Amino acid sequence: MEFDAEALLLTFIAETEENLRVMEEGLLSLETRPDDPEVLQTIFRMAHTLKGNSASLGFSGVAEFAHALEDQLERLRKRTRAATPELVTVLLESIDALRQMLPVAVEGNHEIEPRHQEVLRRLAAGAPAPKAAPTVAIPARGEEAPRASEQGHTLRVAVDKLDRLMTLAGEITISRGRLGRMIEELGAPEALEAHQDAAQLHTELQELVMQVRMVPVGPILKQYVRTARDLATAQGKLARVVIEGEDVEVDTTIVEHLRDPLTHMIRNALFHGIETPEVRRAKGKDPCGSIALSAWREAGSIVIELADDGAGFNRDRIVEEARRRGLADDPEKLADPELYRMVFEPGFSTAESVTEWSGRGMGMDVVRERIAALRGSIAIESWPDAGTSIKLRLPLTLAIIEGFGVGIGGETYVIPVERVVECMELPASVRPGRGDAQGILELRGEPLPFVRLRSLFGAAETPAGRESVVIVRHDLSRAGIVVDRLHGQSQAVIKPLGELFHGVRGLCGSTILGDGKVAFILDVPGLLDTVLSRGVSAPAA
């Protein structure tokens, strides 16, 4: 009987990767529920399946390793061994080894490498490896695991095909807008009605395409349970990770870009936030620190929060480092949100010494860079001896946004709607300073920093009539963008900027309007960073 060997291998790889992930999560849960028979049965069944599938495909090395893992799990099932932290450690090392062996076996090498032979030896003896600095691996991008429907039917689709599908949907949106405008100008009511019916169908299709691309954030958040465990163990600390909102869905592209930022945030929480058990006891805390990873939707965005119950940010050290680096004249006078924003500067570190894990000031600048590339923002709150909260606010998709159009001279710019709080007429008392690129106006008794797009982008024409202020969210604060005209809300298909605009601050993409003209999409965080970083206090969002 003929069969597709390549398709068989792809299925085997995808199923094995998913099974290894579930086994890892189960092993981590054994440390708090060592006698849970259901968890033990699930892990054992998957190890048994991996052994059988590997043997049937001729992957002798993987099969041998899986057999040794199955033996240890059988002892746990029969209660002849206890799920001690030491045993769980070597079982987790075995999962890592199997992940590394899998692609090698698929390429045709079925021998067990020396490094994996050593893990196999410890597995057979149930002994952990000597304590060493952890190696935190970030999984490579691959196909997402399928999500079962209520009937259990699934279909694996390559991400690049979904990307192309979304691109085509976006192109149709642009063409539909131009066609609708032409029909209106022709004054053909029947044609316009038919076009509107087709537009409704297209909108439903586009929403469906976006839903297909959505994946739950749970799998990526659960990876950090293992990361936190390994890092804490290496430092002689105790920490647990609590996950909330794992069913919240976001575009698959955004999920992939979250890996690096979350890894750095977890590392910082464990290295600089969570104290040692002895210190925590002295403070009256639980010796085991807690890190909460939460996700929820809010105002058309997804918010991911990492909150720990550690020592909190050391404000005095941040002030001292900011002054030493010349980031602010009087950093001690800055409000907490402005001061904490300093930690995202490249090379910024408050560590007293450089260690193998931290102290070089690398990490948080990477977080800011990656989140900014996703059109997101970061907000930090911290409390002495009570912990720190870092919130990432991200769009649900990178392909299409609801945009708010504004006019400067003869040009149109688009602001993401999720950033917009309200619009108002620019007060007459501010208008004499039209040449200023930025300033402060009073909003309901509080100062509001603003930036004038006309001056910032060098528009030649003088504004006719009144100007307007679009008030936008930025981290934990608000700021204003002064424009000539307000065009209102519409859907915008995001197009990347060319090399000519690489590094231009304040722009994150472009879109094609209904009349065929190109409009720039404003990068609100990048646009306002310059204003807010100068220490101007702004009302909380």
Side-chain angles (χ1 to χ4, degrees), residues 134 136 224 227-228 231-232 234-241 261-293 305-369 371 377-392 475-477 529 532-535 537 540:
V136 181
Y224 296 100
T227 301
L231 293 175
Q235 298 175 82
K237 298 180 179 180
L238 299 174
R240 70 174 67 90
V241 176
L262 288 177
T263 298
H264 288 297
M265 289 163 60
I266 286 281
R267 289 171 62 92
N268 277 341
L270 286 165
F271 296 152
H272 305 296
I274 301 296
E275 311 95 332
T276 61
E278 295 75 20
V279 172
R280 292 180 65 86
R281 287 192 187 96
K283 293 180 178 180
K285 293 183 176 182
D286 185 335
C288 182
S290 175
I291 297 177
L293 274 173
E305 179 185 32
L306 186 148
D308 66 69
D309 66 348
F313 276 22
N314 190 320
R315 181 181 172 89
D316 291 339
R317 286 188 184 173
I318 295 176
V319 167
E320 180 182 345
E321 179 70 5
R323 183 183 292 109
R324 186 185 71 81
R325 293 167 57 94
L327 299 176
D329 294 333
D330 296 307
E332 66 277 357
K333 295 181 179 180
L334 296 178
D336 285 350
E338 284 73 34
L339 180 65
Y340 294 156
R341 194 176 291 118
M342 303 288 183
V343 303
F344 296 110
E345 292 296 323
F348 194 100
S349 176
T350 59
E352 294 181 348
S353 61
V354 176
T355 70
E356 58 189 313
W357 297 308
S358 65
R360 301 186 185 277
M362 303 298 291
M364 294 305 284
D365 60 323
V366 174
V367 174
R368 179 177 66 175
E369 178 185 327
I371 298 305
S377 63
I378 310 173
I380 298 178
E381 294 181 277
S382 189
W383 308 269
D385 284 331
T388 299
S389 164
I390 302 179
K391 292 180 181 177
L392 309 179
D475 291 344
L476 292 176
S477 303
D529 259 346
L532 297 182
S533 63
R534 296 188 178 182
S537 297

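Not measured: the values here are computed from a predicted model. Note that these values count all heavy atoms, side chains included, but never hydrogens, waters or copies made by symmetry. Numbering starts at 1 and runs along the sequence shown.
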Quick one: pull up [atom1] in [X] and [atom2] in [Y] and give me the separation to the nearest 0.5 Å.
X: Ile378; Y: Arg341; atom1: CD1; atom2: CZ; value: 10.0 Å
X: Ile291; Y: Ile274; atom1: CD1; atom2: CD1; value: 5.0 Å
X: Tyr224; Y: Leu270; atom1: OH; atom2: CG; value: 13.0 Å
X: Phe271; Y: His264; atom1: CZ; atom2: NE2; value: 11.0 Å
X: Thr388; Y: Met265; atom1: OG1; atom2: CE; value: 10.5 Å

Sub-3.5 Å donor-acceptor pair from the side chain of [X] to the main-chain atoms of [Y], do we have one?
X: Asn314; Y: Arg317; value: yes
X: Arg281; Y: Thr276; value: no
X: Lys285; Y: Asp385; value: yes
X: Lys237; Y: Gly289; value: no

More than 12 non-hydrogen atoms from neighbouring residues, nucleotides or ligands closer than 6.0 Å to CD on Glu320, yes or no?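 No.
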Can you name the nearest heavy-atom pair linking [X] to [Y], along with the distance?
X: Met364; Y: Phe344; result: O-CD2, 3.2 Å
X: Pro331; Y: Leu339; result: O-CD1, 3.9 Å
X: Met342; Y: Leu334; result: CE-CD1, 3.5 Å
X: Gly236; Y: Pro277; result: O-CD, 3.4 Å

Can you confirm whether [X] sits close enough to [Y] that some side-chain heavy atom of one is under 4.5 Å from a side-chain heavy atom of the other?
X: Trp383; Y: Glu381; result: yes
X: Val343; Y: Ile380; result: yes
X: Ile318; Y: Tyr340; result: yes

Taking only Lys NZ, Arg NE, NH1 and NH2, and the carboxylate oxygens of Asp or Glu, determine whether Glu275 and Lys283 approach each other closer than 4.0 Å.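 Yes, charged N to carboxylate O under 4.0 Å.
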Let me know which of Asp286, Asp308, Asp309 forms a salt bridge (Lys or Arg N to Asp or Glu O under 4.0 Å) with Arg280.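 Single salt bridge (Lys or Arg N to Asp or Glu O under 4.0 Å) partner of Arg280 among Asp286, Asp308, Asp309: Asp309.
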Counterpart residues, side-chain contact (heavy atoms from CB on, under 4.5 Å), relative to Asp329 (two or more places apart):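 Testing Asp329 for side-chain contact (heavy atoms from CB on, under 4.5 Å), a comparison that skips the adjacent residues, returns none.
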Name the residue from Leu293, Thr227, Leu306 that meets the side chain to side chain contact (heavy atoms under 4.5 Å, CB included) definition with Val241.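 Testing Val241 for a side chain to side chain contact (heavy atoms under 4.5 Å, CB included) against Leu293, Thr227, Leu306 leaves exactly one candidate, Leu293.
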